[in-house]
Amino acid sequence: MRRLIREQIAELIKNGFKEAQTGGALPHFPIPEVTVERPRQPEYGDYSSPVCLRLAREAQMSPREIAARVLAHLPPAPYVGKAEVAGGGYINITLATDWLTSQVNAILEEGESFGNLEIGCGRRVQVEFVSANPTGPITVASARNAVIGDTLANLLAAAGYQVEREYYVNDAGSQVRKFGESLYARYLQALGRDEPFPEDGYHGHYVVEMAQQMAARYGDRYLSMPREEAVRALGNDGIAYVVEWIKRDLEALGVTFDVWFHERSLYESGLFDRVLHMLRERGYVVEYDDAVWFRHPDLESDAVIIRSPRIIPDPAERPTYFASDIAYVWNKLVERGFDQAIYVWGADHHGDVPRVKAAAKALGLDPARVVIILYQMVNLKRGGEDVRMSKRTGEFVTLRELLDEVGPDPIRFMLLTCTVDATIDFDLALAVEQSDKNPVYYVQYAHARIASILRYAAELGWEVEKPGDVSLLTHGSELALIRKMLDLQEIVALAATQLAPHHLTVYAKELATLFHAFYRDCRVVDAEQPELTQARLTLVRAARNVLARALHLMGMSAPERM
RNA sequence: GCCCCCGUGGCUCAGUCUGGACAGAGCAUUUGGUUGCGGACCAAAGGGUCGCAGGUUCGAAUCCUGCCGGGGGUACCA
């Protein structure tokens, strides 16, 4: 556990300013926030700050002169190798080589905890994701939700938050009823009855199979019930069945949840009524058109419907899904006391964002505690052709099919590769292909190659675990690799604060690239140079440590062989 | 109509929220590389008006405004 180097350098420069000012080398002016960036060109060093560029007027001297005086007063730090003025007044800092190499041991000591930070300060965060309707199998769109949510949860945990993962089971809405009716119809058909299938029902073949199983297991038990009761009972059974199904498929993708929260419990516990009462008292509830509405100044529309007897005739007063959202946000932030509730939603729900925020606000909660991540859609393709998907029509590619074809790691990596803001064209043909177009193998190959080197060394009798003298690591490729390894912390900080898991994929590819370059330039196992070999074996082990951590943060495996 | 997302080399995408020094990868193309630890690798080359037009700034792919193109949403579906 450690502080980011970038932050330490920013502070260092700030102290340089202070020293220069108190020493009279610089006039007194408010020191601005010191921005520190990573320059692209290696000759500009590891870290660079342009802060002096905009101070010419206030300091009454050129940016270069300011920078020079700050540097003259820069406090010493073990990690600073070279600090110099460059260009029009940049402060460029190069890390000290001996410090860099010493980090190899530090990384090994930290093990799987390398990359962990404390920026979360132990705050409790809930990540609620997937939450697909339990009326059918998980599709590719939900798979994107799953990998984003799961990776985000991993990142937040690494960043020092206390994280809980939750799946919200929609078992109270009208879709559930529709599902029950579909099952009922198929059930009767399975028993040989001539039952018409509801027009807007679930047409997928899986409904037929489920109904057949139920008919086989329960016989005509549901036949003796009143229709309404049978529909409800079958719907509940069906949902329980599908939830287990979803759970298995997500597990196969490497995604598990701490809590499976049932929408229905919001009503059964009486919470919804209490929350509705609170809103009513605060004046956010209006009634007209035979319905109950939520009204709030933040909403563009006049009001959002909370419940109406028209949505579901039985039970007559069944609320809308938004009603559930109101009670749910209270449950998250108050009853369970999360500091922050993160929702992972498909972009087609973006219109609901202001409502949930407004609901939180109306309940007296800080809407900033509600964080909604919208990810764009996944267009499924097969060889360039669009594949249409809808659970209702029964035409879709399930996550299970995809897992059988591709396996979890490529799915995770591909769905994680671009920002949540970009639409993904997921080509099934490409996903299956184990080629250069599929960078997941490139990254994992680097790990397998590391494992192979260590196996090879062990076979030759090297003490692989014995710490080497890391000060012997002076080759440019070795130092470049170490630098990239240290970056993992920056990436965790960036991805966790931006809630942008895709940074991990970029990082993993870069790390793999630098390892492959190191492998090319530096022979690890060399009987004629035992000291160097021992040092390089140490570096290789540290590299494996970092690469494995990056892969694990993405929920992927770090294979020993491929 | 209104709201959200996208528009960066032939293709797929980073970089935009936190403005900085000649705009980065991968794929594809061309040309090379190991009598050594896995060639699922490495290196080099060509290829870009960062959708368009204004504006802010010492400085804009990045911020602001308008426009164009693509996708999604638009309240008794969830």
Side-chain angles (χ1 to χ4, degrees), chain A residues 33 35-37 39-41 43-44 48-51 53-54 56-57 63 86-90 92 131-133 135 170 172-176 178 200 263 289-291 293 299-312 319-322 324-325 346-355 374-377 379 392 417-425 427 430 434-439 441-442 444-446 448-457 459-460 494 497-498 500 502-503 505-506 509-510 512-513 515-517 519-526 533 536-537 540 561-562:
Chain A
E33 192 200 346
T35 55
V36 175
E37 56 201 40
R40 242 188 267 281
Q41 285 71 23
E43 61 267 29
Y44 295 152
S48 175
S49 178
V51 64
L53 296 185
R54 55 197 156 110
R57 189 171 315 189
Y90 290 90
N92 289 348
S131 303
N133 272 351
T135 53
N170 295 99
S174 63
Q175 289 305 317
V176 175
K178 233 167 248 172
D200 56 351
E263 179 183 12
D289 277 358
D290 199 23
W293 305 72
L299 295 176
E300 280 189 25
S301 54
D302 290 339
V304 185
I305 194 158
I306 294 178
R307 67 178 173 193
S308 157
R310 287 186 293 278
I311 296 176
I312 303 182
T320 65
Y321 76 100
F322 174 63
S324 303
D325 285 346
D348 51 340
H349 290 76
H350 94 268
D352 299 339
V353 174
R355 299 181 190 178
L374 297 171
Y375 64 92
Q376 297 296 315
M377 302 284 89
N379 294 326
R392 282 253 275 288
T417 295
C418 59
T419 66
V420 298
D421 289 332
T423 310
I424 291 184
D425 285 332
D427 197 308
L430 186 62
Q434 299 200 5
S435 73
D436 296 344
K437 291 173 185 164
N438 215 334
Y441 300 108
Y442 178 80
Q444 291 188 317
Y445 178 66
R449 180 175 250 180
I450 289 173
S452 167
I453 294 170
L454 295 174
R455 277 196 302 271
Y456 175 81
E459 281 165 20
L460 292 184
L494 183 73
T497 49
Q498 289 188 350
H502 74 281
H503 290 300
T505 63
V506 178
K509 281 188 274 190
E510 290 173 351
T513 297
F515 181 80
H516 288 311
Y519 174 84
R520 173 204 63 215
D521 293 336
C522 304
R523 173 155 185 100
V524 177
V525 182
D526 183 354
T533 296
R536 285 182 172 162
L537 284 172
V540 168
R561 287 189 168 82
M562 287 173 70

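Bear in mind that the values here come from a model prediction, so they are computed numbers and not experimental data. A, B, ... follow the sequence lines: proteins, then strands. Residue 1 opens every chain.
With R536(A) as reference, V524(A) is the one residue of V524(A), D526(A), I453(A) to meet the side chain to side chain contact (heavy atoms under 4.5 Å, CB included) rule.
Between the C1' atoms of rC3(B) and rG15(B), the separation comes to 27 Å (whole Å). Rounded to whole Å, the separation between the C1' atoms of rA61(B) and rG51(B) comes to 12 Å. Comparing the same atom, P, in rA25(B) and in rG71(B) gives a spacing of 32 Å after rounding to whole Å. Comparing the C1' positions of rA21(B) and rG59(B) gives an interatomic distance of 10 Å, to the nearest angstrom. As rounded to the nearest Å, rC37(B) and rA44(B) have C1' atoms that lie 25 Å from one another. Nucleotides rU65(B) and rC4(B) have their P atoms positioned 11 Å apart, rounded to a whole Å. The separation of rU62(B) from rU74(B), taken at their P atoms, amounts to 32 Å, rounded to a whole angstrom. Remark: the separation of the C1' atoms in rA60(B) and rC2(B) is 30 Å, to the nearest Å.
Between N133(A) atom CG and rC77(B) atom P the separation is 14 Å, expressed in whole Å. Taking atom CD on E33(A) and atom P on rU18(B), their separation rounds to 10 Å, with Å as the unit. Rounded to whole Å, the distance from CG on D425(A) to P on rC13(B) is 6 Å.
If you check every strand for non-hydrogen atoms under 4.0 Å, E43(A) touches a base. Counting any heavy atom pair closer than 4.0 Å across all strands shown, H349(A) reaches a base atom. P50(A) comes within 4.0 angstrom of a nucleotide base, judged by non-hydrogen atoms across all strands. Across all strands shown, Q444(A) has no heavy atoms under 4.0 Å from either base or sugar-phosphate atoms. Residue contacts for N379(A): at a heavy-atom cut-off of 4.0 Å it reaches no nucleic acid atom on any strand shown. A56(A) comes within 4.0 angstrom of nothing in the nucleic acid, heavy atoms only.
Taking a pair to require two hydrogen-bonding distances under 3.5 Å in either a Watson-Crick or a G-U wobble arrangement, rG26(B) pairs with rC11(B). Shown here, rA43(B) forms a base pair with rU31(B); the pair counts as Watson-Crick or G-U wobble because both key distances fall under 3.5 Å. Figure legend. rC63(B) is base-paired to rG55(B); pairs are counted as Watson-Crick or G-U wobble with both atom distances under 3.5 Å. In this structure, rC2(B) forms a base pair with rG73(B), meeting either the Watson-Crick or the G-U wobble geometry with both donor-acceptor distances under 3.5 Å.
Nearest-nucleotide positions on RNA chain B for S49(A) and G351(A) put S49(A) closer to the 5' end.
Here the closest heavy-atom approach between residue N170(A) and residue S131(A) is recorded as OD1-O, 3.3 Å. Contact record, E37(A) with P50(A): OE1-CG, 3.9 Å, taken as the closest heavy-atom pair.
Relative to the six-membered ring of Y519(A), R449(A) meets both conditions, a distance below 6.0 Å and an angle of at most 45° to the axis.
Taking only side-chain atoms of Q41(A), from C-beta outward, the nucleotide of rA78(B), rG24(B), rA21(B) with the closest atom is rG24(B). Here rA78(B) is the nucleotide among rC76(B), rA78(B), rA21(B) with the atom lying nearest to any side-chain atom of N170(A). When each of rC76(B), rU18(B), rC22(B) is scored by its nearest atom to the side-chain atoms of L494(A), the top-ranked nucleotide is rU18(B). Ranking rA14(B), rA78(B), rA21(B) by closeness to the H502(A) side chain, first place goes to rA14(B). If you check rC77(B), rC13(B), rA23(B) against the side chain of R40(A), the one that comes closest is rA23(B).
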Whether each nucleotide of nucleotides 30-43 of chain B has a protein heavy atom under 4.0 Å at its base (B), only at its sugar-phosphate (S) or at neither (-) is summarised, 5' to 3', as ------BBBSBSSS
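Side-chain atoms of N92(A) and base atoms of rA21(B) include a donor and an acceptor less than 3.5 Å apart.
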Pull out every protein N or O sitting under 3.5 Å from an N or O of nucleotides 3-10 of chain B, one pair per line with the distance.
unit_1 : atom_1 : unit_2  : atom_2 : d
rC3(B) : O2     : H350(A) : NE2    : 3.0
rC4(B) : O4'    : H350(A) : NE2    : 3.3
rC5(B) : O4'    : Q376(A) : NE2    : 3.3
rC5(B) : O2'    : D421(A) : O      : 2.2

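Here the side chain of T320(A) pairs no donor or acceptor atom with the backbone of R307(A) at under 3.5 angstrom. Within the 3.5 Å criterion, the main-chain N or O of K509(A) finds a donor-acceptor partner in the side chain of T513(A).
The ring-ring contact (aromatic ring centres under 6.0 Å, His included) test applied to Y442(A) returns H516(A), not counting sequence neighbours. D421(A) is linked by a side chain to side chain contact (heavy atoms under 4.5 Å, CB included) to T419(A), counting only residues two or more places apart in sequence or in another chain. For A457(A), the side chain to side chain contact (heavy atoms under 4.5 Å, CB included) partners two or more places apart in sequence, or in a different chain, are W462(A), V464(A), V525(A), L537(A). With sequence neighbours excluded, the residues forming a side chain to side chain contact (heavy atoms under 4.5 Å, CB included) with V506(A) are E510(A), listed by chain and number.
Within the 4.5 Å cutoff, side-chain heavy atoms of R355(A) are placed close to those of L299(A).
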List the steps and the verdict of side chain to side chain donor-acceptor pair (under 3.5 Å) for E263(A) and S324(A). CA-CA 7 Å; E263(A) 179 183 12; S324(A) 303; 2.5 Å; yes
